[in-house]
Amino acid sequence: QVQLVESGGGLVQAGGSLRLSCAASGRTFSSYAMAWFRQAPGKEREFVAAISGSGGSTYYADSVKGRFTISRDNAKNTVYLQMNSLKPEDTAVYYCAARAHWSTAQAMGLYDYWGQGTQVTVSS
């Protein structure tokens, strides 16, 4: 079992930055591929970014490429999402997710563990 706890959300003006963190329980964190998804009001949850267990591979949704950076610190059992140049359309609840195997396929159903989410609101 892996438990995930997100933090770092908040209210920011358009053009600003936020860094989200996701702390994971368990001794085998480095064996899990990690991802961030988001869900805006009235919309389906969508993929944002993913990173392999070693951190050597990353993958991004086109909508955030060049603005967001996913990283991880396996010594701290934590994955991060650095969000720069934020836009109002980035407003959503951001969820951290984990799965045992890495690939560039990023459907929600591929992930086994989910956090409770953290709200990000970008004002115009």
Side-chain angles (χ1 to χ4, degrees):
Q1 284 282 351
V2 177
Q3 293 185 323
L4 305 172
V5 179
E6 302 97 333
S7 61
L11 174 64
V12 64
Q13 288 189 333
S17 298
L18 278 176
R19 188 176 81 155
L20 304 183
S21 299
C22 173
S25 65
R27 296 174 292 176
T28 58
F29 177 70
S30 62
S31 68
Y32 285 90
M34 302 295 296
W36 290 94
F37 286 75
R38 67 186 181 186
Q39 188 167 18
K43 295 188 176 181
E44 293 187 352
R45 195 171 298 187
E46 65 175 4
F47 168 75
V48 176
I51 189 167
S52 62
S54 67
S57 298
T58 57
Y59 190 70
Y60 295 91
D62 287 343
S63 59
V64 306
K65 204 172 291 183
R67 298 189 299 123
F68 291 11
T69 302
I70 189 170
S71 62
R72 65 190 297 160
D73 185 338
N74 286 342
K76 295 183 179 179
N77 279 19
T78 302
V79 62
Y80 304 98
L81 186 67
Q82 178 67 44
M83 304 185 295
N84 298 329
S85 302
L86 282 161
K87 305 175 182 179
E89 51 264 45
D90 294 318
T91 294
V93 177
Y94 283 71
Y95 296 90
C96 176
R99 63 173 174 169
H101 304 289
W102 165 259
S103 78
T104 55
Q106 297 298 341
M108 280 181 54
L110 296 173
Y111 285 85
D112 302 308
Y113 304 102
W114 292 84
Q116 83 290 348
T118 186
Q119 176 71 48
V120 172
T121 303
V122 184
S123 63
S124 57

Distance, nearest 0.5 Å, that separates [atom1] of [X] from [atom2] of [Y]:
X     : Y      : atom1 : atom2 : value
Arg72 : Ser30  : CZ    : OG    : 7.0 Å
Gln1  : Asp112 : CD    : CG    : 9.5 Å
Ser52 : His101 : OG    : NE2   : 14.0 Å

Would you say that [X] contacts [Y] through its side chain, given a criterion of any heavy-atom pair below 4.5 Å between the two side chains?
X      : Y     : result
Trp36  : Cys96 : yes
Met108 : Phe37 : yes
Phe47  : Tyr60 : no
Val64  : Arg38 : yes

### Query
Would Phe68 and Leu86 count as a side chain to side chain contact (heavy atoms under 4.5 Å, CB included) if you check the C-alpha gap in whole Å, the side-chain angles of each, and the deciding distance to 0.1 Å?
CA-CA 9 Å; Phe68 291 11; Leu86 282 161; 3.8 Å; yes
### Task
Ignoring hydrogens and angles, tell me if any N or O in the side chain of Gln13 forms a donor-acceptor pair with the backbone of Ser123 under 3.5 Å.
no
### Any donor-acceptor pair under 3.5 Å from Arg99 side chain to Gly109 backbone
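Not at all, since once roles are kept as given, no pair shorter than 3.5 Å links the two residues.
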### Query
Residues in side-chain contact (heavy atoms from CB on, under 4.5 Å) with Ala98, at least two apart?
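With sequence neighbours excluded, Ala98 shows a side-chain contact (heavy atoms from CB on, under 4.5 Å) to Leu4, Tyr32, Met34, Tyr113, given in chain and number order.
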### Query
Is there a path of hydrophobic side-chain contacts, each under 4.5 Å between heavy atoms of I, L, V, M, F, W or Y residues, that connects Val93 with Trp114?
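Looking at the clustering, Trp114 is in the same group as Val93.
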### Task
Answer yes if Ile51 and Leu110 sit in the same cluster of Ile, Leu, Val, Met, Phe, Trp and Tyr residues linked by side chain heavy atoms under 4.5 Å apart, and no otherwise.
no
### Summary
Tightest non-hydrogen contact, residues Ala14 and Ser124, listed as CB-CA, 4.4 Å
### Query
If every non-hydrogen atom of Ala33 is compared with every non-hydrogen atom of Tyr111, which pair is closest and at what distance?
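Minimum heavy-atom contact is O-CE2, 4.2 Å.
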### Query
Does one side chain, of Tyr94 or Gln39, offer a donor that lies under 3.5 Å from an acceptor on the other?
no
### Task
For Lys43, enumerate each residue passing the salt bridge (charged side-chain N to carboxylate O under 4.0 Å, His left out) test, keeping only those at least two apart in sequence or located in another chain.
none
### Query
Near Gln3 CD, under 6.0 Å, is it more than 12 heavy atoms from other residues, nucleotides or ligands?
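No, CD of Gln3 has 12 or fewer neighbouring heavy atoms, counting only those of other groups under 6.0 Å.
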### Message
Assess whether a salt bridge exists between Lys87 and Asp90, defined as any Lys/Arg side-chain N lying under 4.0 Å from an Asp/Glu carboxylate O.
### Response
no
#### Entry: Among Val48, Thr118, Ile70, side-chain contact (heavy atoms from CB on, under 4.5 Å) partner for Leu20
Thr118
Show me the side-chain donor-acceptor pairs of residues 76-83 shorter than 3.5 Å, one per line, residues at least two apart or across chains.
unit_1, atom_1, unit_2, atom_2, d
Asn77, ND2, Ala24, O, 3.4
Asn77, ND2, Gly26, O, 2.8
Thr78, OG1, Lys76, O, 2.8
Gln82, NE2, Asn84, OD1, 2.9

